[in-house]
Protein chains: 2
Amino acid sequence: MAKEKLSKDTWLAAGFQSLADSGPTSVQINLLSQKLGATKGSFYWHFKDISEYKSAMLELWRTKVASDVIDNINAQQTLEQQLDALFADATRPAPEEYGGKKIEPAMRAWALSDQDVGKALADLDTLRLLFLKSLLDGWGLDGKVLSELIYGAYIGLDDLQSKGRTNSSGALTALKQMILAATETK
Amino acid sequence: MAKEKLSKDTWLAAGFQSLADSGPTSVQINLLSQKLGATKGSFYWHFKDISEYKSAMLELWRTKVASDVIDNINAQQTLEQQLDALFADATRPAPEEYGGKKIEPAMRAWALSDQDVGKALADLDTLRLLFLKSLLDGWGLDGKVLSELIYGAYIGLDDLQSKGRTNSSGALTALKQMILAATETK
DNA sequence: ACGGGACCATACCCAAGGGTATTGACATTT
DNA sequence: AAATGTCAATACCCTTGGGTATGGTCCCGT
C-alpha cells in the first residue's frame, strides 16, 4: 500500500475486502488500519464512528454495486440477452474501487447480524424477485416459480463461486438453455 | 424455559437457534445463558471454553444435521425420487433438539469468519457436488454442469427460505421437471 | 514566513465478552 | 449422617476492540 493520503473510499474498499475475505466480524478499525498501514487516527478523521462507517459501506453497496442488475437487464432486448446480463452479474466481482471481490455472499452473511443490512437485503431481494417475475411473465412463462428458481440459483452459485467451489458459468448457461427451451414448448 | 438441569445438548440447541436467528456473532456465553435462564457457571461446567463449545456445534452439525442428505438420496430408486429427497432436505428445518431452524445458511455465513467451519463446509460441498455429479452421470445427464446448478439452487433457495422470502418448494419442483425433461430428450 | 486546515500518530479511557475461582444447593452413595 | 459428586450462582479478572483527546506534520493561500 502506498504512503499517500487515504480517502474515504480507500477505507471503504479495505472494508469490503475484509468483509468478503473473513466476514462481517473482520471489519474492525484496528485491522483495517494496519491493512492500510495507518492508525485509528486516520479512520476517525474520515468517519465519525464505526456505525457511520458501516452505514457508508451499506449505502455504497446498495447504490453502486448491487443496483446495476436491473438496469443491465432492461438494456437488453431478447430473453436470452436478458438472462445473460443477469447471470454475468452473478459471475462478475465487485470493481476494484470497492474491494475487487464478490461481496454479495458476505452481505447475505452480514444481514444475519445487522438489522440495517438485513432490511436493505430484504428490499433488494423482493425488488429483484418482483422484477424477474414480471420479466418472465412478459415472456409467457411462469414468473412466480421461475423467478424464485433463477434467483435462488443466482444466489447459491454466487456463494459457491465466492468460496472457490466452482466457476458457475456452465451451470448458468445450462439453466438458461432450460428456460429458453420452456418458451418454445409454449 | 423450564427450571430443570441443563444438558450439553440443551446448550448446543440454544446455540444453533441463536446462530440461525442472528448469525455467528450472537452465539456468546452471556446471551445463551440468559436465553436459558442460567448463568455462565452452568456453561463452564458443561464446556471447557467457548472454542470447545463451537467445536461441539460444528461436530454435531456435521454428523447429525448435515450428513443425512446423501443417505436419504441413496435410499431412493428413481431419479425423481432422488431429486425429491434432495429437495426435501433443502426445505426441512433442523430437528427441534438442534434448534429447530434452518441453520445451513448461517453455517455458510459462519464459514467466512471461522477456519474450522470453513474447512468442514468445503469438505461437505465437494462431497455433495461429487456425489450429485456421479448420480446425474449415472442417469445419462451432464453431471458436472447439472450438479453445480442443482446444488447452487439448493443453497440459494435455502437462503431465501431462511430469510422468509419464499417457500422455495415450487421452484424446486420446477427444476425437477426440467431435469426430468432433459432425460427424455436423450 | 506564518497561520490555518487537512490528515494522521500516539496515548489514553471505557464497555463488552471470555475466562476463573469460590461457594452453595441438591442428590447419591457408603 | 457424612461424604462425595453433579450442577449452577456469584464475584471477580483480563483481553479485545470501540472511542476520545491531544498533538504532530504537511500543504496551501495570503
Side-chain angles (χ1 to χ4, degrees), chain A residues 1-60 97 106 109-110 112-117, chain B residues 1-60 97 106 109-110 112-117:
Chain A
M1 295 286 170
K3 231 3 180 358
E4 306 195 348
K5 298 281 186 72
L6 298 178
S7 75
K8 233 163 180 151
D9 288 331
T10 313
W11 279 101
L12 292 173
F16 283 117
Q17 211 169 316
S18 260
L19 175 67
D21 278 339
S22 316
T25 59
S26 72
V27 32
Q28 354 178 316
I29 301 176
N30 291 324
L31 284 183
L32 298 176
S33 300
Q34 76 180 52
K35 185 174 207 164
L36 295 176
T39 61
K40 298 198 291 185
S42 174
F43 178 92
Y44 281 100
W45 194 91
H46 293 284
F47 303 94
K48 174 176 167 291
D49 52 27
I50 199 163
S51 77
E52 183 187 289
Y53 176 80
K54 290 182 174 176
S55 297
M57 284 186 66
L58 179 55
E59 199 54 24
L60 191 57
E97 314 96 83
W110 196 5
L112 280 173
S113 53
D114 186 301
Q115 278 213 8
D116 293 331
V117 178
Chain B
M1 296 287 169
K3 233 355 179 5
E4 306 197 348
K5 298 278 186 77
L6 298 178
S7 75
K8 232 161 182 155
D9 288 332
T10 314
W11 279 101
L12 291 173
F16 283 117
Q17 211 169 317
S18 259
L19 176 67
D21 279 339
S22 317
T25 60
S26 73
V27 33
Q28 1 180 307
I29 302 176
N30 291 323
L31 284 182
L32 298 176
S33 298
Q34 76 179 52
K35 185 173 207 164
L36 294 176
T39 61
K40 297 198 290 185
S42 174
F43 177 92
Y44 280 99
W45 194 92
H46 292 284
F47 304 93
K48 174 177 168 288
D49 53 27
I50 198 163
S51 76
E52 183 187 290
Y53 175 80
K54 289 183 175 176
S55 297
M57 284 186 66
L58 179 55
E59 200 53 25
L60 191 58
E97 314 97 83
W110 196 5
L112 280 174
S113 54
D114 186 301
Q115 278 213 9
D116 294 331
V117 178

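In what follows, chains carry the letters A, B, and so on, assigned in the order in which the sequence lines appear, proteins first and then strands, with residues in each chain numbered from 1. The model shown is predicted, which means the values in this text are computed figures rather than measured ones.
- Distance check, rounded to the nearest 0.5 Å: CG of A/Leu32 to CZ of A/Phe47 gives 9.5 Å.
- Across all their heavy atoms, B/Ala106 and A/Leu112 have their closest contact at CA-CD1, 3.8 Å.
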Check: When every nucleotide of nucleotides 13-19 of chain D is labelled 5' to 3' by its protein contacts under 4.0 Å (heavy atoms), B for base, S for sugar-phosphate only, - for none, what sequence of letters results?
Finding: ----SBB
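- Residues B/Ser26 and B/Ser18 share a closest heavy-atom pair of OG-O, 3.0 Å.
- Along DNA chain D, the nucleotide nearest B/His46 and the nucleotide nearest A/Gly41 are compared for position; the residue whose nucleotide lies closer to the 5' end is B/His46.
- A/Ser55 contributes atom OG, which lies 8.5 Å from atom CD of A/Glu59 (distance to the nearest 0.5 angstrom).
- Between the CD atom in B/Gln34 and the CD atom in B/Gln28 there is a gap of 9.5 Å [rounded to 0.5 Å].
- Taking the 5' to 3' direction, DNA chain C first and last meets chain A under 4.0 angstrom from a heavy atom at C/dA6 to C/dT10.
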Check: Is there a side chain to side chain donor-acceptor pair (under 3.5 Å) between B/Ser7 and B/Asp9 once you walk through the steps?
Finding: CA-CA 5 Å; B/Ser7 75; B/Asp9 288 332; 5.0 Å; no
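- Residues passing the salt bridge (charged side-chain N to carboxylate O under 4.0 Å, His left out) test with A/Asp21 are A/Lys101, sequence neighbours excluded.
- B/Gln34 places its CD atom 13 Å from the P atom of D/dA9, with the value rounded to the nearest Å.
- With respect to A/Trp11, the ring pair (Phe, Tyr, Trp, His ring centres under 6.0 Å) criterion is satisfied by exactly one of A/Trp45, A/Phe16, A/Tyr53, A/Phe43: A/Phe43.
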